[in-house]
Enquirer: 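Mind looking over this structure? Questions follow.
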Protein chains: 2
Amino acid sequence: MIEFSRPPQSYASRTAEQRANTEGRRFDLRRPERSFTIRQLCVEFDVTPRALRFYEDKGLLFPARDGMNRVYSTRDRARLQLILRGKRVGFSLSEIREILDLYDEKDGGAVQASRSLKKFRERIEALRQQREDIDGAIQNLEEGCIRLERQLTESRPDLLPKAEAYDSVLRARLDGQVDSPLTALAE
Amino acid sequence: MIEFSRPPQSYASRTAEQRANTEGRRFDLRRPERSFTIRQLCVEFDVTPRALRFYEDKGLLFPARDGMNRVYSTRDRARLQLILRGKRVGFSLSEIREILDLYDEKDGGAVQASRSLKKFRERIEALRQQREDIDGAIQNLEEGCIRLERQLTESRPDLLPKAEAYDSVLRARLDGQVDSPLTALAE
DNA sequence: GCTTGCCTTGACGTTTACGTAAGAGGTATA
DNA sequence: TATACCTCTTACGTAAACGTCAAGGCAAGC
């Protein structure tokens, strides 16, 4: 069965709001030095605590500690965002780590900076290639759609799902907003 | 060290041409019913025989046999192309299998076709999302480039790689055409 | 004081997509 | 005839990215 990259465990049972109310009362939501618990980030980005600890293990994150407990800064949060996006575009964790390291390289070594620049440009070029692949794949699938639509128009026009209505539903679903009746139909 | 998805073993030591000369003499290269040995496809797409056998195991390919040996048709070749592109855009093999199966669904079951259509549209939407991710990642990296360029212009302008020359070299390298001196510098 | 719930650190298990070796057979070349 | 080089199957190994217990700590609430 086809599924969107829906993780086995969804950590969205409680909202970040709820958590903030119980745990984050001494923080101002608007202040940039706000900090987050592991769960808050898990809820917000729909990942598991195990994943965050794993990223830490691999040197992609290094949250502060409050006693034993991890405390994530806004900077950690930003890094996490980059990590997850990196994953979505196909980077491995070690690649992502390298990129993040390159961003951090504050020691200002000019040679290092030059190398970083080169690597960044390589990455960009690779991503452009990947974009072309995606465009190609989309085109393939759209051709498939056309074929199927033709086939259905000839045999059972009643089964033709209306594209517009469907699209809006799908978009809502991807945004994690609604669980519409059509979702159930998708089986 | 950052590397482009360069497989551990490159099966490009012999060209497809060479193979065709020794093995494919009774085939006309222009005729669409041309067939291929496993190695020919490996060379052409730079994958290992193991990978092709693996795809077969998983039901993504089903080449004919000449005795024990696999014989790939142009249709198999086309499927392989789709498989590899699917991989590059992040589909798992089982997802790719499903998509290929949907393409094949010749039994004409209208309900099946309707479902296929729906899944295709889901895939397309997911790919569009992914493209946005890629655009975002490219933007991030370009910002990083700008930062680094600024930093270098201030400290060591001599170390600034010229973007244009570099880009052409990189493109050639991605096309697997040239192994330029700059490649060695990349280390 | 006890349960509930979230946190921690191990440590072993799992899936995907092959790699890699082992052993055997077919064919072309020296 | 020997050698090299391709092919096959079987089977165990592996890297990445976590999942899944297990065992324990700390705090809140009843």
Side-chain angles (χ1 to χ4, degrees), chain A residues 3 5-11 13-14 16 18-25 35-43 45-61 63-72 80 83-84 86-88 90-98, chain B residues 3 5-11 13-14 16 18-25 35-43 45-61 63-72 80 83-84 86-88 90-98:
Chain A
E3 295 192 274
S5 53
R6 191 190 293 153
Q9 278 168 279
S10 166
Y11 273 74
S13 46
R14 289 190 188 184
Q18 284 174 308
R19 301 293 314 167
N21 287 342
T22 55
E23 296 182 9
R25 27 180 173 42
S35 70
F36 307 84
T37 71
I38 196 170
R39 184 149 303 267
Q40 284 172 339
L41 289 189
C42 287
V43 167
F45 296 106
D46 200 34
V47 292
T48 68
R50 177 69 176 98
L52 294 195
R53 297 191 192 111
F54 186 74
Y55 299 154
E56 189 176 345
D57 251 38
K58 295 296 168 182
L60 284 84
L61 288 175
R65 295 294 179 125
D66 172 19
M68 292 252 78
N69 296 5
R70 290 169 174 81
V71 179
Y72 295 87
L80 178 56
I83 293 169
L84 297 179
K87 285 196 52 185
R88 288 198 301 270
F91 287 151
S92 74
L93 288 188
S94 64
E95 288 172 326
I96 294 170
R97 192 181 101 98
E98 233 186 310
Chain B
E3 295 193 274
S5 54
R6 189 190 295 153
Q9 278 168 278
S10 164
Y11 273 75
S13 46
R14 289 191 188 184
Q18 284 175 309
R19 300 296 311 167
N21 286 344
T22 54
E23 296 181 10
R25 28 182 172 38
S35 69
F36 307 85
T37 71
I38 195 171
R39 184 150 302 267
Q40 284 172 338
L41 289 190
C42 287
V43 166
F45 296 106
D46 198 36
V47 293
T48 67
R50 177 69 175 100
L52 293 195
R53 296 190 192 111
F54 186 74
Y55 299 155
E56 188 176 345
D57 251 38
K58 296 296 170 182
L60 283 83
L61 288 175
R65 295 292 179 126
D66 172 19
M68 290 251 79
N69 295 7
R70 290 169 173 80
V71 179
Y72 295 87
L80 178 57
I83 292 169
L84 296 178
K87 283 196 53 183
R88 288 197 301 270
F91 288 150
S92 74
L93 289 187
S94 64
E95 288 171 326
I96 295 171
R97 193 180 100 98
E98 235 188 309

Enquirer: Does a side-chain heavy-atom distance below 4.5 Å link A:L61 with A:Y72?
Expert: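 In contact.
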Enquirer: With nearest nucleotides of DNA chain D determined for A:L52 and B:R53 from heavy-atom distances, which residue corresponds to the more 5′ nucleotide?
Expert: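 Result of the comparison: B:R53.
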Enquirer: To the nearest 0.5 Å, what is the distance between CG (A:L41) and CZ (A:R70)?
Expert: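 If we round to the nearest 0.5 Å, A:L41:CG and A:R70:CZ are 12.0 Å apart.
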Enquirer: Using nucleotides 13-17 of chain D, report all nitrogen or oxygen pairs with the protein that are shorter than 3.5 Å.
Expert:
| residue | atom | partner | partner atom | Å |
| --- | --- | --- | --- | --- |
| D:dA17 | OP1 | A:L93 | N | 2.9 |

Enquirer: Take the protein atom CG of B:D57 and the nucleotide atom P of D:dC8, then report the distance between them rounded to whole Å.
Expert: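 Result: 12 Å.
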Enquirer: Where is the tightest heavy-atom contact between A:C42 and A:T48, given as atom of each residue plus distance?
Expert: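 Looking at all heavy atoms of both residues, the shortest contact is SG-C, 3.5 Å.
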Enquirer: From C:dT9, D:dT9, C:dC7, pick the nucleotide closest to the side chain of A:I38?
Expert: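 It is C:dC7.
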Enquirer: What is the distance, to the nearest angstrom, from the CG atom on B:D66 to the P atom on C:dG25?
Expert: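 Going from CG in B:D66 over to P in C:dG25 covers 19 Å.
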Enquirer: Using side-chain hydrogen bond (donor to acceptor under 3.5 Å, both in side chains) as the criterion, list what pairs up with B:R88, not counting sequence neighbours.
Expert: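 Partners of B:R88 by the side-chain hydrogen bond (donor to acceptor under 3.5 Å, both in side chains) criterion, ordered by chain and then number, come out as A:D133.
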Enquirer: How long is the line joining CG of A:N69 and P of D:dG24, in whole Å?
Expert: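 To the nearest whole Å, that distance equals 19 Å.
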Enquirer: Do the side chains of A:L52 and A:V47 get nearer than 4.5 Å, heavy atoms only?
Expert: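 Yes, close enough: below the 4.5 Å cut-off.
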Enquirer: Looking at OH of A:Y55 and CZ of A:R50, how far apart are the two atoms once the value is rounded to the nearest 0.5 Å?
Expert: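 So the OH of A:Y55 and the CZ of A:R50 are separated by 10.5 Å.
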Enquirer: Report yes if at least one side-chain N or O of A:R39 is closer than 4.0 Å to OP1 or OP2 of C:dC7; otherwise report no.
Expert: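 For A:R39, the contact criterion (side-chain N or O under 4.0 Å from OP1 or OP2 of C:dC7) is met.
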Enquirer: Nearest to the A:R70 side chain among D:dG19, D:dT7, C:dT8, which nucleotide is it?
Expert: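 The answer is C:dT8.
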Enquirer: What's the CG-C1' distance between A:L41 and C:dC6, to the nearest Å?
Expert: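 So the CG-C1' distance, A:L41 to C:dC6, works out to 15 Å.
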Enquirer: B:F36 CZ to D:dT7 P: how many Å, rounded?
Expert: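 After rounding, the reported distance stands at 15 Å.
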Enquirer: What is the distance, rounded to the nearest whole Å, between atom CG of B:L61 and atom C1' of C:dA17?
Expert: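 Taking CG of B:L61 and C1' of C:dA17, I get 14 Å after rounding.
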Enquirer: Does A:M68 or A:A51 map to a spot on DNA chain D nearer the 5' end, using the closest nucleotide for each?
Expert: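 Looking at the nearest nucleotide for each, A:A51 comes out on the 5' side.
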Enquirer: Could you check if a side-chain atom of B:E98 sits within less than 4.5 angstrom of a side-chain atom of B:F91, using non-hydrogen atoms only?
Expert: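 Of all side-chain heavy-atom pairs linking B:F91 with B:E98, none is under 4.5 Å.
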